[in-house]
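Order of appearance sets the numbers: ligands from 1, and atoms from 1 within every ligand.
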Amino acid sequence: MSWPSPSSMLSLFLILTVPLANAVVYECPAECECDLMPPNNASWAVFCHRGGINDTKFAEILNRLPTTLRMLEIEAPSWRPRNKFKWNDNLNRFSQLRVLRLIGSGILAISRSIRLPSLEILDLRHNKIEHATMSNFGGMPALRFLDLSSNKLSILPTGVFTYLRSLRSLSLARNNITDMSTNLLRGLGTLRALHLDGNPIPIKHINDVFSDVLQLEDLYLNQCNLTAIANLSLDRIPHLRSLGLARNDLHAVPTAELHLLHRLSFLDLSGNQIREIGPCAFCSNNLTSLDLSHNLLGLDKDAFHADAFRNIPLYELDLSYNHLDNFESTNLGWAMDSIRILALSGNYIQGFPMQLTEKLTALTHLHMAYNDIEDIPLIFPPEYINLRFLNISGNRLSHLPDNMGRMLPKLKEFDLSFNRFTSFSYSALSFINYLERVYLQGNPWDCSCAIQNLQAHMRDRYALRHQLKYNEARCAEPKLFEGQPVLAVIEVNDCAVLFGARYGLTQSSELLILLGALLSAALALTMLLLCFYCVREKQYKGTYVTREHSSAASEPLSPANPMLESISYHPIHSGTLPSPPKPAAAYFGI
Ligand SMILES: *[C@@H]1O[C@H](CO)[C@@H](O)[C@H](O)[C@H]1NC(C)=O
Ligand SMILES: *[C@@H]1O[C@H](CO)[C@@H](O)[C@H](O)[C@H]1NC(C)=O
Ligand SMILES: *[C@@H]1O[C@H](CO)[C@@H](O)[C@H](O)[C@H]1NC(C)=O
Ligand SMILES: *[C@@H]1O[C@H](CO)[C@@H](O)[C@H](O)[C@H]1NC(C)=O
Ligand SMILES: *[C@@H]1O[C@H](CO)[C@@H](O)[C@H](O)[C@H]1NC(C)=O
Ligand SMILES: *[C@@H]1O[C@H](CO)[C@@H](O)[C@H](O)[C@H]1NC(C)=O
Ligand SMILES: *[C@@H]1O[C@H](CO)[C@@H](O)[C@H](O)[C@H]1NC(C)=O
């Protein structure tokens, strides 16, 4: 079945109609946004994010969509009415469907008669699924990614995933799994990533699972109440590249336990009780990215051993929320030359001291959010000249200095959300206009006139509005617009019309300035005329005698304004004359 390609591009929320050969008309459902997909626009990607979808509406939506549907995503943001529906076997119509996300929709069970031969991604996070059996997954042989996190699964029968021969990533995180049957993952020779976070699974069962998937590369055991991992048989999965051990109860870096993982490149130890990083803590690994946020590294004086980061190609390090009040770049020791991304958010650093970044020559990304910073200094430390990303979110800043562009010449991304900015100066605005991504949410924006320039900045980046959370950049003033998204404010009455917008002036202040200018101009003119008359007076005294004889020649001098004369001398005609133009109106363009 071939599709005529639609003539005009759909914009968001546009209702789209595509005539089919047999005259069936498919319409983008009112609850959704529909995108045409390359290469030939014949298939659709459909996003339904408005909430309030029940069984009836779900069935209606499915009926409206063409069989060439490629992607369907249904999820309600927290401030919209919730979705609540059951699985609908009409989904089987979409034999070309590759991506199906039915998130937080109150689904109680997966159908046993699914036939979705092209499905690669199935995302059923945050539902209420209690059971899963082999027959649920028999009809999707191409599935590569299965997310069943945050459901109510407790016991998974042996062989439940047997048919998923292409599966690469499986998430069973945040369920209620206390018991994993042996051989649960037997035969899943392609599985690379396994998420078991937040389940009360005994370590013995986790070890049993490892035996089935020796090829595992990514393992997540975050929030599993682990006090130690000595009994975890990580030696069975030597190919591990990523390991998540966040939000457990570890009191030290498990150096010995990790020593067989020579390929380990990403390690998440955030949210534990770690107070120090000992010598050669990761020497046997190949760490490039290390998350140590939300630990206790600021409590001890010498938390970082001089050899702590020896022998690893570390380039990303997160030390946020560690009670640090004075961090020195020399703490990084061996990693000083390689660190590109450094996060120090949520500490008590209160500024941008030199020793923080000294000699970090590779640094390009710096997070300094939530550090109680009140001012941006007139000069940043020299390393900032290479920064491409700077995060100063959650501080107490209200002003950007005029020389930001010179201090941060390579900056592309800037997070200044959750500060106290109300508006930007002209120079601050030209600085942020030059950047690619600027996060503005959580500031008390003043949405009177000057906001138009900020709106223009945001409209230029409209395609990034979800990432940049434009919905959460809201007005605090004036009262009329309080709480409204900055981009939603269209009726800004109080607007400067001439030059004021460039300098962030409102209409009233602009009018005041103009009035002042007019008054002083008038004053100057009066003075000038007075002087002029004084001079003439002196001259006339000398020529007074001749004036009587040449009255015709001197006549134009006497009525200063012929129009005024005609009005005062011929009041009857004044109505028919065009009224004199109001200078104010002409100036202000009213
Ligand atoms: C797809 O749609 C867009 C917008 O309507 C159009 O510009 C483009 O040419 C279309 N592509 C094809 C291959 O029809
Ligand atoms: C679904 O919601 C619509 C209104 O949004 C309502 O008219 C309809 O009765 C509901 N259907 C069910 C099965 O609850
Ligand atoms: C978790 O599963 C156990 C039985 O395995 C059950 O007793 C308990 O109520 C479940 N907890 C939740 C939160 O569903
Ligand atoms: C972890 O332990 C706490 C308290 O001991 C308990 O409430 C929680 O359910 C446990 N979580 C897991 C995943 O075992
Ligand atoms: C590890 O296993 C041994 C015996 O199998 C046990 O005595 C010890 O308590 C276990 N350690 C942890 C942290 O679970
Ligand atoms: C270590 O990581 C580098 C890339 O950072 C990679 O080229 C190298 O092969 C890795 N070594 C091992 C043993 O995995
Ligand atoms: C900035 O840092 C805060 C706090 O760590 C974080 O929540 C936020 O996501 C960061 N911003 C960006 C753009 O990464």
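- Between Glu31 and Arg50, no side-chain nitrogen of the basic residue sits less than 4.0 Å from a carboxylate oxygen of the acidic one, so the salt-bridge criterion is not met.
- Of all the listed residues (Leu416, Asn371, Asn391), Asn391 holds the heavy atom that lies closest to atom 2 (O) of ligand 7.
- From the protein, the heavy atom lying nearest to atom 1 (C) of ligand 2 is Asn54 ND2, 1.4 Å.
- Shortest contact from atom 13 (C) of ligand 2 to any protein heavy atom: Thr56 OG1, 3.1 Å.
- Closest protein heavy atom to atom 5 (O) of ligand 2: Lys57 NZ, 3.4 Å.
- A salt bridge links Arg192 with Glu217: the closest approach of a Lys/Arg side-chain nitrogen to an acidic carboxylate oxygen falls below 4.0 angstrom.
- Residues Thr288 and Leu314 form no side-chain contact, since every pair of their non-hydrogen atoms from C-beta on lies 4.5 Å or further apart.
- Below 4.0 Å from some heavy atom of Tyr439 lie the following atoms of ligand 7, by number and element: 13 (C).
- Contact atoms of ligand 7 toward Ser345: 2 (O), 5 (O) (distance under 4.0 Å to a heavy atom of the residue).
- Of the candidates Asp89, Asn92, Asn136, Ser113 forms a side chain to side chain donor-acceptor pair (under 3.5 Å) with just one, namely Asp89.
- At least one N/O-N/O distance between Asn286 and ligand 6 falls below 3.5 Å.
- Ring geometry for His367 versus Phe389: interplanar angle of 30 to 60°, hence tilted.
- Of the protein's non-hydrogen atoms, Asp415 OD2, 2.7 Å is the one closest to atom 11 (N) of ligand 7.
- There is no protein heavy atom less than 4.0 angstrom from atom 9 (O) of ligand 6.
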Side chain to side chain donor-acceptor pair (under 3.5 Å) for Trp334 and Asp307? Distances and angles first, verdict last.
CA-CA 7 Å; Trp334 292 80; Asp307 282 341; 2.8 Å; yes

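- For the 3.5 Å distance criterion, the side chains of His49 and Glu73 qualify, holding a donor opposite an acceptor.
- From the protein, the heavy atom lying nearest to atom 14 (O) of ligand 7 is His367 CE1, 3.6 Å.
- Between Gln441 and Phe418 there is a side-chain heavy-atom pair separated by less than 4.5 Å.
- In terms of protein heavy-atom proximity, atom 4 (C) of ligand 7 is nearest to Ala369 CB, 3.8 Å.
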